[in-house]
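Everything below concerns the one structure shown next.
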Amino acid sequence: MSDRPKIDRPRGTHDIVPAEMPRWQHVTGELERLCRLYGYRRIVTPVFEDTALFRRTSGVGSDVVQKEMYTFTDRSDRSLTLRPEGTAPICRAYVEHGMHRDPQPVKLFTIASMYRYGAPGRGRYREHWQASVEALGSDDPRIDAELIQLYDTLLARLGVTRYHLELNSIGCRECRPAYLETLRGWLAENGQRLDADTLAKAEASPLRVFDNYLAKPPDVRAALAEAPTIGESLCAACVAHFAGVRAALDATGVRYTLVPTLVRGLDYYSRTTFEFVGPMANENSTITGGGRYDYLIEEIGGPQTPGIGFGAGVERLLIAMDEEGVEPPGDEGIDVFVALEDGAPRERVARWLAELRRAGVAAETEYAGRSLKGQLTQARRLGAARVVVVGPDSATLREPSRPDEPVEFDAIVSRLSP
RNA sequence: GUGGCGGUAGCUCAGCUGGUAGAGCCCCGGGUUGUGGUCCCGGUGGUCGCGGGUUCGAGUCCCGUCCGCCACCCCA
């Protein structure tokens with residue numbers, strides 16, 4: 001260690017070190033596999049976007065825009081923001097590349113880092129990874145169900161069983177304004193039965209008065225239980241749509257809980273909303289949140305296009321797997337370790353390694369000056385299936401549960417190649 | 001952002017009411033062994049998060065700060 005001051009990673013960020021990579025890739029690999037099976041194609045968008053993209057779509061009143069965005073100006077005074085969520089950028093790309101002229105629906109997904117300036121904690125990061133899966137250009141309720149079922153299948157594939165799915169519909173342009181009127185009226189009449197926290201919500205974002213329902217004082221809960229809910233105030237079209245979603249979920253055996261007060265934190269949502277809630281003890285247990293956003297694309301200047309999607313937190317999914325005791329896959333071992341005795345011909349070894357690797361054999365040798373015993377330990381750590389011990393003039397091939405086998409130098413590469 | 005708890009070796013932690021730092025694991029070497037396991041012996045490694053203060057003396061007490069965790073808020 002030097003005497004220079006040590007530099008740590010920024011608050012709320014984390015490294016994904018090699019030891020964690022098998023777990024990580026297990027999750028992302030399974031997701032990629034399912035996306036392919038369900039017809040979602042991969043897209044990659046920039047880490048930062050025009051700030052207006054998020055201000056317009058998330059809503060200026062949202063927590064994200066209010067206090068969580070990493071916004072900065074570049075050297076040309078453009079206001080840019082590190083993406084806090086994945087949906088708006090994908091919709092932006094959809095419009096920008098004219099994907100509305102492609103055959104619909106357009107199914108897209110990405111696995112990307114997201115940035116939110118908030119208080120960090122377990123499963124709560126300022127930079128976290130999220131799978132965003134989005135189906136654009138269809139308002140068929142069955143695609144809602146299919147998307148939800150995709151994630152449900154992912155959990156099953158990953159061995160997560162302790163979770164539940166919360167489902168609701170928050171209506172459309174037709175029924176939500178009327179509902180909001182009704183709700184505002186009720187809140188005004190019943191203000192004296194509510195606490196300060198709830199009243200503040202009533203002022204800023206009436207739909208969210210039901211947030212964190214369980215933590216509210218009992219009398220406030222009792223009052224809110226009588227309040228009209230969006231889920232019970234839908235117009236005929238939304239009722240039909242929601243019934244279609246549920247029927248399709250039932251048909252594929254996806255279990256859900258209806259939560260008539262479930263709303264989302266971003267303004268762009270309409271109709272179907274859902275959250276997968278995992279087994280974490282604390283309040284960070286939402287592993288996936290999503291919903292339909294039928295007005296988002298026109299909001300950013302595109303043609304009227306319905307859409308639905310979800311954001312699935314990778315770290316929270318990994319925690320959910322941990323909490324269930326899911327055995328993570330181990331590291332893949334190498335094929336051959338070339339151990340060196342004193343006097344081993346290093347140049348020839350270098351040539352053998354190059355030839356083996358050219359033949360597709362994962363091969364490794366000693367570079368740390370270890371003793372032979374240390375090298376054999378190292379070979380075991382690397383998961384080497386076979387070890388060749390090279391002396392000055394000859395070599396010995398060692399394989400588990402087989403007698404040692406002398407190998408001529410000239411025969412080594414062919415003996416070890418497939 | 002507010003409140004609570006915590007930061008000692010790469011990891012998990014011990015260190016009593018202040019007296020100048022330890023264990024296990026890991027890593028390296030040696031021995032044993034059937035040359036990758038086991039067991040035994042030895043070794044490397046720490047400005048006790050950082051900065052101030054109190055004190056003859058601070059890992060230990062006080063203040064600040066950073067980081068982590070928990071609760072609130074909200075979300076992935």
Side-chain angles (χ1 to χ4, degrees), chain A residues 1-14 17 19 58 61-68 83-87 111-133 151 195-198 200-201 204-205 208 211-212 214-216 262-266 274-278 280-290 309-320 333 337 339-341 368-391 395-404:
Chain A
M1 300 275 166
S2 81
D3 55 355
R4 314 292 321 270
K6 207 170 64 179
I7 300 172
D8 294 325
R9 63 181 185 269
R11 177 165 156 85
T13 65
H14 65 113
V17 296
S58 295
S62 67
D63 281 13
V64 167
V65 172
Q66 287 276 308
K67 50 187 187 187
E68 293 182 345
R83 61 179 166 224
E85 59 99 20
T87 301
I111 299 171
S113 52
M114 302 294 161
Y115 301 84
R116 260 124 100 154
Y117 190 91
R122 181 162 134 96
R124 211 172 253 274
Y125 297 97
R126 289 183 174 177
E127 179 189 67
H128 77 279
W129 287 81
Q130 212 176 97
S132 301
V133 183
Y151 190 77
D195 59 342
D197 196 55
T198 307
K201 282 276 175 52
S205 178
R208 308 199 66 88
D211 275 359
N212 211 239
L214 293 174
K216 292 181 188 295
L262 176 71
V263 298
R264 312 255 69 232
L266 308 176
F274 60 92
E275 268 183 36
F276 281 86
V277 183
M280 271 184 285
N282 60 27
E283 284 303 309
N284 305 333
S285 52
T286 297
I287 49 181
T288 288
F310 63 73
V314 176
E315 292 87 348
R316 288 193 183 175
L317 186 47
L318 288 167
I319 291 173
F337 186 89
L340 310 170
E341 289 183 317
R370 288 185 186 82
S371 64
L372 187 58
K373 177 173 179 170
Q375 292 182 55
L376 294 170
T377 300
Q378 176 68 355
R380 178 177 50 82
R381 279 192 293 243
L382 295 175
R386 305 199 277 188
V387 176
V388 187
V389 180
V390 178
T396 306
L397 172 61
R398 304 194 64 224
E399 289 180 82
S401 65
R402 294 181 66 165
D404 289 1

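Proteins come first, then strands; the chains are lettered A, B, ... in the order of their sequence lines, and each starts at number 1.
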What is the separation between atom [atom1] on [X] and atom [atom2] on [N], rounded to the nearest whole Å?
{"X": "Q378(A)", "N": "U35(B)", "atom1": "CD", "atom2": "C1'", "value": "16 Å"}
{"X": "E341(A)", "N": "U35(B)", "atom1": "CD", "atom2": "P", "value": "12 Å"}
{"X": "H128(A)", "N": "C75(B)", "atom1": "NE2", "atom2": "C1'", "value": "9 Å"}
{"X": "D8(A)", "N": "G7(B)", "atom1": "CG", "atom2": "C1'", "value": "12 Å"}
{"X": "E315(A)", "N": "C75(B)", "atom1": "CD", "atom2": "P", "value": "18 Å"}
{"X": "L372(A)", "N": "C28(B)", "atom1": "CG", "atom2": "P", "value": "13 Å"}
{"X": "R11(A)", "N": "G1(B)", "atom1": "CZ", "atom2": "C1'", "value": "11 Å"}
{"X": "R9(A)", "N": "G49(B)", "atom1": "CZ", "atom2": "P", "value": "17 Å"}

G-U wobble or Watson-Crick pairing nucleotide for [N] (cut-off 3.5 Å, both distances):
{"N": "U65(B)", "answer": "G49(B)"}
{"N": "A14(B)", "answer": "none"}
{"N": "U38(B)", "answer": "none"}
{"N": "A21(B)", "answer": "none"}
{"N": "G1(B)", "answer": "C72(B)"}

Determine the interatomic distance between [atom1] on [N] and the same-named atom on [M]; round to the nearest Å.
{"N": "C13(B)", "M": "C69(B)", "atom1": "P", "value": "14 Å"}
{"N": "C40(B)", "M": "A23(B)", "atom1": "P", "value": "16 Å"}
{"N": "A21(B)", "M": "A9(B)", "atom1": "C1'", "value": "10 Å"}
{"N": "U44(B)", "M": "G49(B)", "atom1": "P", "value": "23 Å"}
{"N": "G45(B)", "M": "G68(B)", "atom1": "C1'", "value": "24 Å"}
{"N": "G36(B)", "M": "G29(B)", "atom1": "P", "value": "14 Å"}
{"N": "C48(B)", "M": "C11(B)", "atom1": "P", "value": "16 Å"}
{"N": "C63(B)", "M": "U54(B)", "atom1": "P", "value": "15 Å"}

Residues Y117(A), E68(A); criterion side chain to side chain donor-acceptor pair (under 3.5 Å); working and verdict:
CA-CA 4 Å; Y117(A) 190 91; E68(A) 293 182 345; over 6 Å; no
Does [X] have a side-chain nitrogen or oxygen under 4.0 Å from the phosphate oxygens OP1 or OP2 of [N]?
{"X": "R381(A)", "N": "C26(B)", "result": "no"}
{"X": "T286(A)", "N": "C75(B)", "result": "no"}
{"X": "S371(A)", "N": "G30(B)", "result": "yes"}
{"X": "Y117(A)", "N": "G1(B)", "result": "yes"}
{"X": "R370(A)", "N": "G29(B)", "result": "no"}

(Q) Under 3.5 Å, is there a donor on one side chain and an acceptor on the other for T286(A) and E275(A)? (A) yes
Looking at every strand, decide which applies to [X] at a 4.0 Å heavy-atom threshold: base, sugar-phosphate, or nothing.
{"X": "G12(A)", "result": "sugar-phosphate"}
{"X": "Y125(A)", "result": "base"}
{"X": "A368(A)", "result": "nothing"}
{"X": "A384(A)", "result": "base"}

Hits for ring pair (Phe, Tyr, Trp, His ring centres under 6.0 Å) against Y125(A), two or more places apart or cross-chain, chain-then-number order -> H14(A)
Per atom distances to the A379(A) side chain, the nearest of C73(B), C70(B), G36(B) is G36(B)
Among G37(B), A76(B), G68(B), the one nearest any side-chain atom of R380(A) is G37(B)
Ranking D63(A) and T377(A) by the position along RNA chain B of their nearest nucleotide, the one closer to 5' is T377(A)
Of Q375(A) and F276(A), the one whose closest nucleotide on RNA chain B sits nearer the 5' end is Q375(A)
In short, salt bridge (Lys or Arg N to Asp or Glu O under 4.0 Å) pairs touching residues 368-389 of chain A with sequence neighbours left out are E366(A)-R370(A), R386(A)-E399(A)
Only residue of H128(A), R124(A), Q130(A) satisfying side chain to side chain contact (heavy atoms under 4.5 Å, CB included) with R316(A) is R124(A)
Donor-acceptor pair under 3.5 Å: do we get one between [X]'s side chain and the base of [N]?
{"X": "R316(A)", "N": "C75(B)", "answer": "yes"}
{"X": "R398(A)", "N": "G36(B)", "answer": "yes"}
{"X": "K373(A)", "N": "U33(B)", "answer": "no"}

To check you understand the geometry: which heavy-atom pair defines the closest contact between [X] and [Y], and what is its length?
{"X": "G61(A)", "Y": "Q66(A)", "result": "O-CG, 3.6 Å"}
{"X": "S132(A)", "Y": "M114(A)", "result": "OG-CE, 3.9 Å"}
{"X": "A384(A)", "Y": "F337(A)", "result": "CB-CB, 3.8 Å"}

